Amino acid sequence: MPVAVVLGITADIGRGLAERLLRDGWDVIGLGRDLDRVDDLRGADLIPCDVSDPSEIAAAADQIKAAGREWDLFVSSVGTMEPIGPFFDLDFDQWERSVSINSTAQLRVLHAIWPQRAGPVDIMLMAGGGTNNPFRNYSAYCVSKIMLIKMCELIDDEAPDANAFIIGPGFTRTRIHEETLRAGDAAGSGLAKTQAFLEDAQGTSLDDIYAHMRWCMQAGRAAAGGRNFSTVHDPWRDGDALAGALTGDADALRLRRAPVRGLIS
């Protein structure tokens, strides 16, 4: 039975992916805070892990090692958009803590459990808004996600036994939007956009996010490794056509500095 480590299993997307993995016959190890939120999730082995505390990360990794568990899939659904507001109006310590939670702390977990991988493994991280344009008033969240995007490419380059990819699910109905509502006017235009979404739109379904993840796993490292995908905008449902196009294009869906057309060759 394949083993999946789901970091952030108490988050809405994390729980949703864990439920679907369990349904499909996976052995799920769930890491997260406030595990009472998922105490009704039958079949998952739950381990407390607050990613803001390195000692809890080390303890969780030790528990997995002591149980002799070797994992095949790592999924991280950890994320916070707080603090929200103009960068120079924010408390820097809070901003720096958010960057850590959204990026380096998740990578610390992956680094800690890396020796327990089963062999060739899949790694799924989650992207967010602002990759291709400024994400005003959400700077900590934005720069963290860009770091994760680049880390997928670096892991792909350095670890030939890992298919590391990152998926941006688009607007999804999760508790994370409560952070924008709490921020109020500090969120700028993000407040009205979020309010409109919560009132009228369904957003990306958990079934689509799960199906997209499974497509990336099936497509394999040659097509998916090191790539930054959008569940909403990329034609992953075309299956073989997209996989073939990506296999032949080393630059597609990666962070790149494009030259100024006509001025720099």
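Please read these numbers as outputs of a predicted model, since none were measured by experiment. Residues: numbered from 1 along the sequence shown.
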What is the minimum heavy-atom distance between [X] and [Y], and which atoms define it?
X	Y	result
Ala127	Ile166	N-CG1, 3.4 Å
Pro169	Ile209	CB-CD1, 3.6 Å
Gln94	Pro83	O-CD, 3.6 Å
Ala18	Leu41	CB-CD2, 4.2 Å
Ala186	Ile84	CB-O, 3.7 Å
Ala223	Thr247	CB-OG1, 3.7 Å

Query raised in the report: Between Leu73 and Met213, is a side-chain contact (heavy atoms from CB on, under 4.5 Å) present by the stated rule, with each step listed?
Result: CA-CA 11 Å; Leu73 167 66; Met213 178 183 78; 4.2 Å; yes
Query raised in the report: Do the two ring centres, one from Phe135 and one from Tyr138, sit under 6.0 Å apart?
Result: yes
Where the side chain of [X] meets the backbone of [Y], is there a donor-acceptor pair that is under 3.5 Å apart?
X	Y	answer
Ser76	Leu125	no
Arg173	Phe197	yes
Arg221	Ala164	no
Asp34	Asp36	no
Asn102	Met81	no
Gln106	Ile101	yes
Thr172	Thr174	no
Asp234	Trp236	no
Arg117	Ile113	no
Asp238	Ala241	no

A quick test of your reading: do over 12 heavy atoms of other residues, nucleotides or ligands sit less than 6.0 Å from [atom1] of [X]?
X	atom1	result
Arg69	CZ	yes
Arg33	CZ	no
Asp161	CG	yes
Gln195	CD	yes
Arg108	CZ	no

Can you tell me how far [atom2] of [Y] sits from [atom1] of [X], rounded to the nearest 0.5 angstrom?
X	Y	atom1	atom2	result
Asp251	Arg227	CG	CZ	8.5 Å
Gln218	Asn163	CD	CG	11.5 Å
Asp50	Ser52	CG	OG	3.5 Å
Glu96	Asp91	CD	CG	10.0 Å
Leu242	Leu246	CG	CG	4.0 Å
Asp24	Tyr210	CG	OH	3.5 Å

If you group Ile, Leu, Val, Met, Phe, Trp and Tyr by side-chain heavy-atom gaps below 4.5 Å, do [X] and [Y] land in one group?
X	Y	answer
Met124	Val78	no
Val121	Leu107	yes
Phe74	Leu154	yes
Leu255	Leu253	no
Ile64	Val3	yes

Requested in this report: Verify side-chain contact (heavy atoms from CB on, under 4.5 Å) between Trp215 and Thr231, making sure each step is shown before the conclusion.
Outcome: CA-CA 11 Å; Trp215 179 88; Thr231 300; over 6 Å; no
Evaluate the side-chain proximity of [Y] to [X]: yes if any heavy-atom separation is below 4.5 Å, no if none is.
X	Y	answer
Ser189	Arg136	no
Trp26	Leu17	no
Ile13	Leu206	yes
Val99	Met147	no
Thr204	His212	no
Val75	Ile9	no
Tyr141	Glu179	no
Ser98	Glu82	no

Report task. Determine, for Arg15 against Glu19, whether the closest basic-nitrogen to carboxylate-oxygen distance falls under 4.0 angstrom. Result -> yes
Query raised in the report: Is Asp208 salt-bridged to Arg237, cutoff N-O under 4.0 Å?
Result: yes
Requested in this report: Test Asp156 against Glu153 for side-chain contact (heavy atoms from CB on, under 4.5 Å), laying out the working first.
Outcome: CA-CA 5 Å; Asp156 176 70; Glu153 186 174 353; 5.5 Å; no
Report task. Pick out which of Ile57, Ile29, Val109 makes a side-chain contact (heavy atoms from CB on, under 4.5 Å) with Leu7. Result -> Val109
**Report entry** Side-chain donor-acceptor contact under 3.5 Å, Asp207 with Ser205
**Finding:** no
Requested in this report: Please state whether the rings of Phe165 and Phe229 are parallel, tilted or perpendicular, taking 30° and 60° as the class boundaries.
Outcome: perpendicular
Requested in this report: Carefully, step by step, assess Asp45 and Asp27 under the rule side-chain contact (heavy atoms from CB on, under 4.5 Å).
Outcome: CA-CA 8 Å; Asp45 294 322; Asp27 184 5; 3.9 Å; yes
